[in-house]
Structures are given as structure tokens and as C-alpha cells.
Amino acid sequence: MSIIKTQDLTKIYVDHTVEVHALNGVTLDVAEREFTAVVGPSGSGKTTFLNIVGGLDNPSSGTVSIGDTDITDLKDNELIDFRLNNIGFVFQAYNLIPVLTAKENVEFIMLMQKKSKKERDSRVEELLVAVGLGDQMNKKPREMSGGQQQRVAVARALASKPKFVLADEPTANLDSKTAINLLEIMANLNKEEGITFIFSTHDQKVIDRARRIVTLEDGKIVSDVEQNV
Amino acid sequence: MYFKLAWRNIWRNKRRSLITIASILFAVFFAVMMRSIQLGLYSQMIDNVVGFYTGYVQIHSLGYWDEKTLDNSFEYDEGLIDDISKIDRITGVIPRLEGFALSSFGESTKGAMVVGVDPEKEKVMINFHEKIVDGAVFEPTDRSVLMGQGLADYYGLKAFDTLVLLGQGYHGVSAAGKYPVSGIVKFSSPMLNDNLIFLPLKEAQWFYGTDNRITSIVISTDDGNRASTLKASLAEKIDDNIYELMSWEEMMPELVQIIQADSGGGLIMLFILYMVITFGIFGTVLMMTAERTYEFGILLSIGMRRWKISIVLLIETLMMATIGVICGGILAMPLVFYFHNNPIELTGGAAEALLEFGFEAVIPPSTDPSIIITHALIILVITTLITIYPFFIISRLQAASAMRH
């Protein structure tokens, strides 16, 4: 069953007086439980695509439907709430809140969802244990390694029980061993809990683990293949 | 969590937050000190004249204030005094008979205000017993005078010397008398100290030939700020076809003007101080907003509504402001109380200027809690207004572009 549908997405930036076509008619369906990598060279439109699918940016034309909701029609607050309740984000630079501990970073999402303390506590523990940080819960981001921070980011992305997780170059700042470890965690979450992951990446390790690879070039999909992992 | 987030955010850049807090602290400290000293000085000026002589409200015969002659005196009515005494928060209703006479001692002569008073009733106003520096206070039935120390020094006389008074009484009768000086009193106001001679009320009525007449009823209250309310209450008790009611502000407009002019200057200084502080805090908020645009983008992307991000920022700035205000208050209040109990004694030109106007050259800073409350609120309002800027930035922020910041 399709969870994300994009229809003829275009995104045109005006850089000084020059129009840059970051996306040029991208139409894509992503089904539930997919583990998809969006790949392509720098400037191919990967991040723009993820931003628009995640409701962080508006397309110049075209539509994005998440389930039954066309998010391009949503008002600002509705879109923020939609992101909170339906989409998890993992960023290249981890993007944790630096003054909060690992536990508080994960809990923060559920707090905004007005979840009870009991529910928050049990889910935070469950998630941090799942990403292998059960003993690091009270550390602040600056006290953790890059890999640990990215694992907290994955736990935070899953805290709201989202429909899918968008991960923009999640392994770009990690060493090979840590990257493999993180990919293992996400692959397990995909397999065992059925969470849909969409990555934008250059990283061959991520590409090797993805079951579907969508290649973008100059803002267009030039290939869309599935592979056995 | 929002409070926790705000609190921790403050300490992310300790040095900047401490500088901001310190600037608020000093703003509150200087504002409270300046205003306490100013209001204390005004209060002192008012008390010097109003609290110790004029009273907050006076009742006269209609037209007396415009033409201060004994012919505009009125019959002393004990019933009226009793009636007025029943009004809430009135601490004294004091009859006086005021006139002018030449005073003479030895070879010297000087014009003076000769006032008939009831020493018992004056205990809540002039209180001769506290001010006596030589001799003793006369009894209501005595035939002697009390005089200001300045005037006594002018003559070089002491208690038990004899003073001659010569003037014009009621309806032009001659007023003449020779009185022993029962005592010398010292007023804090040089204007009163240098010009006043007191007679017992009965003796003054005899001296001026007014029989049972007086020129004014002085009303004292334990709450000087309620003079206008008090005047309104009194207006219900007296016949305005016979009497006139005057508040101290009406009787001494020049004092009000001096205070207003000085207060205006002080407020301009405070305005400049607050402008400096406003730009200081604004600079902090500006930098904080610029530095954290990326972070605002993250918060937006993970689903935090714009107004919630703004509230966290507001809490942050209010927390810094509150810490600054509390510390400023803690620093200022002990000094204010210390100098209130040990007033600052002025010297040089400032002292001379005050003495010239008839006021004491000391400043006991005001301990009125409304001063610190007012300045705390001003800082909090300024802080709140400053956060409009990040609110505006956040309201227009796009998550994706903020994260490219």
C-alpha cells in the first residue's frame, strides 16, 4: 500500500536572476515498509525532494500526498502538526537540541504530542535501548560521539510513531563502522517494526542496504530499481 | 520542559547571558537608586513644609487665601472641629490664627509671622515638644511666645528674654504686646525657622483682637497621598459659601512646580538609561536569534509550532530580565534602606539651593515599594517588547531555508 505519492513535483529556485530547476517533474510512489535510497550526484535534487516530501519546503508545482492527505494543501500550523505526528526526520548533522539530554531529546517530541509521562518514559526507554543507548540516556549531545548522536536522532525520529522516516545523508558524518552499525539499527527497525525509511545518500553502504534505489539527476528520476539485500 | 529548555538555553552562552543580566541589574540598581533619592527628596521637601506646618488640607474663610488678612478670619466652631475629626484617617484638626507683626528685641527689629496655636493640638503637626532647643513649651493659657531658632539667633536672644510685638489686628485695631520667650524651637525648614513666632491661641486672639476667631483649620492625615480624597470628604462637611478648602498642592504651587520640573529631568535621565538598556538587550536577542536560526529550523521541522518556539524565547528573555531585576533590587534595597535611616547630607551648591528654598539639605531615599515594582515592570515590558523581533523572524521562517542557514 502506497504511503507517499508525489505527482509531477517541480521546484524552481531563483539564484540571483538565474532560475535553477532543483526538481523537474518527479513522480514517485513509496509503499509502506520500504527501505528506499534516493541517490544521485550533488545538486541532483535529493535533499530538495526529501524536504518537499517532509513538508519542510513547498514545491513550485505538483502535489505530495501522505496517506490520504495532500500536504501541499495544508496550512502552516496543520503542516507542522502533520510533521509532528506522521514524519520522522534524521538529518546529516544530527540536529539534536544541544541543551537537552538524549532522553529529553527523544521525549521532547512526545511532549509536543501531549503524551502522558508514563507513556513518554516507557517509549523513550524502549527506543534508546533499541538504538543501543540504554545506558547513555542522561548524556547531552556534546558528551556523545557522532554515531551516538545520530542514534539518538533515529530514536527521536521514531518517538512520535511516524508513518515514515526521512533520513537526509544520515551516515555522511560517521565513520564506516559507526555508519554500518546505524544502518543495522534502522534496517532492523524497518524489518521488525515495519517502519518505512527513505534516505538521500551518496554512501555506498546505505545504497547496498536499500531494497529500492531511486536515482535523481538534474531534478529528474533517471532510474528506479529494486534490489535484493 | 519549555522552562527547562529556556533555562538551559540561557546558559549556553554564559558570558553573553551574564553581561545581559548585569546590564539589567545595573539598570534596575541605578533606576531604583535615582528614583528613590528623587522621590525621597520630594517627600522630604513636602514633609518639611506640609507635614510639619501647612498640613495636607486647610480650611479657611472664603477668600482668605487670596487676601490673607485677619479680616478674613472666621469664628472658631468646636462642633465643626469634632465633625471633621470623625473623618477616616484624619490624625489632627488644628486651629490657627495667623498674622504678621514687627518683632523687636534690643536694638533690632524684624517682621515675623505671629501664629496663635494650641500646643496640645499641634502635637500631631508642629510638635513643639520635639523641636524645643531652649526653654519650654508654653501652656495654652500662658502669655508667652515660642520662636524659631533662626529668628532667635538673629536677635541673639535666649529663653526667658522678652520680645516686643507690634502689628495690626482685626479690623485695623492696634496689636501690641511684650512677651517673655518661653522657648526656642528648631524647624528643619529654614524658611519656618527664620520667620515664625508662636503665641498660645487665646493670647493671639487677644493680641490681634479677634475674639474667638481663627484664620485656618489645618488638617493632618496619616496618608499624604490621599490629600485629594481627604479634600473631597471634607467638602461634604463644610459649607462652601462660607469656607474654602485647599490642598497643600493648591497652597504651594511653587513647590509642586519645583518637584514636577525636577522629576521631569529625572525621568528624562531614566528614559536615556532605559534606551541604553533596551539596545543592550536587543543586541543580545538579535545575536541569539541569528545564531539560532538553524535550530529554529530544526524545531519547526520536528513539529514544534512557531508560537511555542517564540514562547521559549520569551521565557528565556524574561528569565534573564527577572534575574537582573531581582539582583538589582537585592543590591539597591539595602542601600536605599541604609540611606533612608542615615540620610545623605548634601554639601556645597546643592545644599545651598535647598536651604534657599527653605528645605533641609538632606536626602532620605524613599523606601516606597512601588519604585522597585515600577522599574521591575518597565524592564519586563521592555524585554517582552524586544522579543517581538524574534517572534517576527520565527513567524516568517521556512524550516528548509532555516536549516541551510
Side-chain angles (χ1 to χ4, degrees), chain A residues 11 13 22 47-59 75-101 103-115 117 120 140-142 153 156-157 159-160 162 165-166 168, chain B residues 1-18 20 284 287-317 319-320 323 390-405:
Chain A
K11 180 69 183 180
Y13 293 110
T47 298
T48 304
F49 175 71
L50 253 62
N51 282 345
I52 291 174
V53 169
L56 301 179
D57 204 352
N58 299 315
K75 290 186 180 133
D76 184 58
N77 275 339
E78 291 170 340
L79 189 55
I80 292 172
D81 290 346
F82 189 85
R83 282 201 297 268
L84 173 66
N85 295 310
N86 298 282
I87 310 172
F89 290 94
V90 178
F91 302 98
Q92 180 181 338
Y94 326 134
N95 290 353
L96 298 176
I97 301 168
V99 293
L100 299 182
T101 61
K103 177 179 181 288
E104 289 164 344
N105 262 287
V106 179
E107 187 184 7
F108 191 66
I109 300 284
M110 288 183 280
L111 204 73
M112 287 191 290
Q113 288 180 305
K114 298 191 171 78
K115 295 278 166 60
K117 174 137 183 36
R120 292 198 313 259
K140 287 192 179 155
R142 67 167 184 276
R156 180 180 69 180
S160 64
V165 172
L166 294 173
D168 186 13
Chain B
M1 181 70 96
Y2 297 143
F3 279 92
K4 192 190 280 181
L5 191 58
W7 178 252
R8 289 184 190 171
N9 277 333
I10 291 174
W11 304 112
R12 280 166 77 171
N13 192 329
K14 274 185 196 158
R15 188 178 300 174
R16 192 175 62 208
S17 295
L18 286 173
T20 307
T284 301
M287 281 192 286
M288 191 171 80
T289 308
E291 279 175 10
R292 284 165 58 187
T293 303
Y294 182 85
E295 188 178 313
F296 298 152
I298 297 167
L299 293 170
L300 270 178
S301 70
I302 63 173
M304 190 170 187
R305 282 195 176 192
R306 294 171 198 278
W307 70 266
K308 287 184 180 171
I309 301 173
S310 302
I311 288 293
V312 172
L313 274 181
L314 178 65
I315 296 170
E316 274 176 46
T317 40
M319 275 178 172
M320 281 196 285
I323 294 169
F391 285 9
F392 176 73
I393 296 290
I394 290 165
S395 73
R396 295 166 62 93
L397 208 61
Q398 290 301 318
S401 59
M403 287 195 291
R404 281 196 293 270
H405 196 268

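Below, chain A is the first sequence line, B the second, and so on; all start at residue 1.
- At a 4.5 Å heavy-atom cutoff, the contact between A:N77 and chain B is made by backbone and side-chain atoms alike.
- The candidate from A:D76, A:I87, A:T48, A:N58 with the greatest count of non-hydrogen atom pairs under 4.5 Å with chain B is A:D76.
- When heavy atoms are compared at a cutoff of 4.5 Å, A:P162 does not approach chain B at all.
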Margin query: What verdict does the side-chain contact (heavy atoms from CB on, under 4.5 Å) test give for B:W307 and B:I394, after you've listed the backbone C-alpha separation in whole Å, the side-chain angles of each residue and the deciding distance to 0.1 Å?
Written below: CA-CA 8 Å; B:W307 70 266; B:I394 290 165; over 6 Å; no
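- Under 4.0 Å is where a charged nitrogen must lie from a carboxylate oxygen, and between B:R16 and B:E291 at least one such pair does.
- If you measure heavy-atom distances from A:L79 to chain B, you find no contacts under 4.5 Å at all.
- Of the atoms belonging to A:Y13, it is side-chain heavy atoms, and not backbone ones, that fall under 4.5 Å from chain B.
- A:N85 and A:S160 share no side-chain donor-acceptor pair at under 3.5 Å.
- Ion pairing of A:D81 with B:R305 is present here, as a side-chain N (NZ or NE/NH1/NH2) and a carboxylate O approach within less than 4.0 Å.
- Neither the backbone nor the side chain of A:Q113 comes within contact range of chain B; no heavy atom of the residue lies under 4.5 Å from a heavy atom of that chain.
- Checked for salt-bridge contact, A:E78 and A:R83 miss the test: no charged N lies under 4.0 Å from a carboxylate O.
- When heavy atoms are compared at a cutoff of 4.5 Å, A:I109 approaches chain B solely by way of its side chain, counted from C-beta outward.
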Note to self: Run B:R396 and B:R306 through side-chain contact (heavy atoms from CB on, under 4.5 Å) and show every step you take.
What the structure shows: CA-CA 9 Å; B:R396 295 166 62 93; B:R306 294 171 198 278; over 6 Å; no
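- Using a cutoff of 4.0 Å between basic side-chain nitrogens and carboxylate oxygens, B:K4 and A:E104 are scored as salt-bridged.
- If you measure heavy-atom distances from A:N95 to chain B, the contacts under 4.5 Å come from both the backbone and the side chain.
- In the model, B:N9 has a side-chain atom that pairs as donor or acceptor with a side-chain atom of B:E316 under 3.5 Å.
- Interface remark: of the candidates B:R12, B:K308, B:E295, B:Q398, B:R12 forms the most heavy-atom pairs closer than 4.5 Å to chain A.
- Contacts of A:F91 with chain B are made by side-chain atoms alone, with heavy-atom separations under 4.5 Å and no backbone atom involved.
- Only the side chain of B:I298 comes within less than 4.5 Å of a heavy atom in chain A; its backbone stays farther off.
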